[in-house]
Structures are given as C-alpha cells and as structure tokens.
Novice: 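After the structure tokens below, expect a handful of questions from me.
All of these numbers come straight from a predicted model, not from anything done at the bench.
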Amino acid sequence: QQQLLLEGKRVGEEITLTKFSLVSDDQSQQLEAAGRYSLKNKTFAGNGNWSELSWPMTGEAQYSSPQGSFEAGGKLTDYQFQLEAQVAGEAIPTGSWRVNGKGSDQALKQFEIQGRTLDGQIAANGEASWVPAVSWNTELSVQGINPGVHWSSVPGRVDGRIESKG
C-alpha cells in the first residue's frame, strides 16, 4: 500500500501543485514534488526529491534509488532540467548520476550526463533534434570502469571515448 497526497490550487492564470507526496505505508519510500504552471505565459517550474524508492514498490525490488532530486523549468519551447540520483538494480550497477540539459519542443539543445559507477566515471554530452529530421551530435567517455564490480565474470578496466553524429 502507498499513500498519495495531492494539494494544489488555481489562482487566475496560475496553477500550483503545492504538494505531491507518495509514501509507502511503512514510511520507508518517499517521493515529494511541487510545481507551477502559468496559463498566460505558458511557463512551468517544478522540483522534487525522493528517498529509498524501489520498483516495484511492493515485494522484491528489481531497481532502487536510495535518494535523488530533480528540477525543471521554462517553456516547452525553451526549458532546462536537472536530475541527481543514486541508483542500483539487478541489471543496473550501483552508481551516482547527474543529468542536466536544455531543450525545446524540437530539440534537446544541450545535455550532460555524469556518472560514478563500477569504480570509474562515465560522461556524455551533446545535442539531438527531431525537427525537421532526427539528428544528433554526442560524445561518450568512460574512465576506469571495472565491469567485474557488478558482473564478477568480466573483471577488467575500460577506458575510452566515442563520438557519434548523424
């Protein structure tokens, strides 16, 4: 069982979600968020954080995130976002991740991903668009990654850099 609480209001052209709260019955998993949207300016802002989230939320977890936070704002035609999270799972090695970027309804103008996992670091950045056609320009680099930390049958160290454009 989970407890869900939503509180919000509309005053004139402003819609505000003052509180979104999702809490497991035993209080171990919590997600909280708040935000606003202006109907007049078509702008939004939102943020939130969580602790001890897992999926599925009941039974044996396949994925978990001990803590994290997010923030986003702007217009659909010009927005920015940021997410920080610790994650783990059966198929996902334990790690700390940070994602941030800027975008629009036609493109992800800039993004950056930084992760610390498998005793090393992963970084990616670039841009992508889907209007008028799909295109991208990205770079991925890994340093000191040891797959054996999560998959014991493949120990080693991986360093590298990949660029992709299309």
Novice: Using a 6.0 Å cut-off, check whether atom CG of Leu39 has over 12 heavy atoms from anything other than its own residue.
Specialist: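 Atom CG in Leu39 is crowded, with more than 12 foreign heavy atoms closer than 6.0 Å.
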Novice: Considering all heavy atoms of both residues, which atom of Pro155 and which atom of Ser152 are nearest to each other, and what is their separation?
Specialist: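 Smallest heavy-atom distance, with atoms named: CD-O, 3.4 Å.
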Novice: Show me, pair by pair, the donor-acceptor contacts under 3.5 angstrom made by side chains of residues 96-117, not counting sequence neighbours?
Specialist:
unit_1 : atom_1 : unit_2 : atom_2 : d
Arg98  : NH1    : Glu84  : OE2    : 3.4
Ser104 : OG     : Gln106 : N      : 3.0
Ser104 : OG     : Ala107 : N      : 3.1
Glu112 : OE2    : Gln114 : NE2    : 3.0
Thr117 : OG1    : Thr94  : O      : 2.8

Novice: Which residue pairs pass the side-chain hydrogen bond (donor to acceptor under 3.5 Å, both in side chains) test with at least one member in residues 136-150, sequence neighbours excluded?
Specialist: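 Pairs touching residues 136-150 that pass the test: Trp136-Ser164, Glu139-Arg161.
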Novice: Can you check side chain to side chain contact (heavy atoms under 4.5 Å, CB included) on Gln3 and Leu5, steps first, answer last?
Specialist: CA-CA 7 Å; Gln3 300 169 3; Leu5 172 65; over 6 Å; no
Novice: Hey, what do you get for CD (Gln82) to OG (Ser69), rounding to the nearest 0.5 Å?
Specialist: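 Here the rounded value is 7.0 Å.
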Novice: Quick one: do Val23 and Phe70 end up in the same hydrophobic cluster if we chain Ile, Leu, Val, Met, Phe, Trp and Tyr together by side-chain heavy atoms under 4.5 Å apart?
Specialist: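 No, Val23 does not connect to Phe70 through the hydrophobic network.
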Novice: Take atom CH2 of Trp55 as the centre, draw a 6.0 Å sphere, and report whether it contains more than 12 heavy atoms from other residues, nucleotides or ligands.
Specialist: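 Result for CH2/Trp55: open.
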Novice: Enumerate the salt bridge (charged side-chain N to carboxylate O under 4.0 Å, His left out) contacts for residues 44-70, please, sequence neighbours excluded, ordered by first and then second residue.
Specialist: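 Non-adjacent pairs meeting salt bridge (charged side-chain N to carboxylate O under 4.0 Å, His left out): zero.
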Novice: Measuring from Gln2:CD to Ser21:OG, what's the distance to the nearest 0.5 Å?
Specialist: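 Going from CD on Gln2 over to OG on Ser21, the span is 12.0 Å.
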Novice: Name every donor-acceptor pair, under 3.5 Å, that has one atom in a side chain of residues 12-20 and the other anywhere in the protein, sequence neighbours excluded.
Specialist:
unit_1 : atom_1 : unit_2 : atom_2 : d
Thr18  : OG1    : Glu7   : O      : 3.0

Novice: Let me confirm one number: the OG-CG distance from Ser24 to Leu31, rounded to the nearest 0.5 Å.
Specialist: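 Nearest 0.5 Å value for the OG-CG distance: 11.0 Å.
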Novice: What side-chain hydrogen bond (donor to acceptor under 3.5 Å, both in side chains) pairs are there with at least one residue in residues 37-51, not counting sequence neighbours?
Specialist: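 Sorted result for residues 37-51: Trp50-Ser65.
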Novice: Using the test side-chain hydrogen bond (donor to acceptor under 3.5 Å, both in side chains), find all partners of Asp159 that sit at least two apart in sequence or belong to another chain.
Specialist: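 Checked Asp159 against side-chain hydrogen bond (donor to acceptor under 3.5 Å, both in side chains); matches are Arg157.
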Novice: Ser129 versus Val134: any side-chain heavy-atom pair under 4.5 Å?
Specialist: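 Not touching, per the 4.5 Å side-chain cut-off.
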Novice: Rounded to the nearest 0.5 Å, what separation is found between the CD1 atom of Ile145 and the CG atom of Asp119?
Specialist: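 One gets 8.5 Å once the value is rounded to the nearest 0.5 Å.
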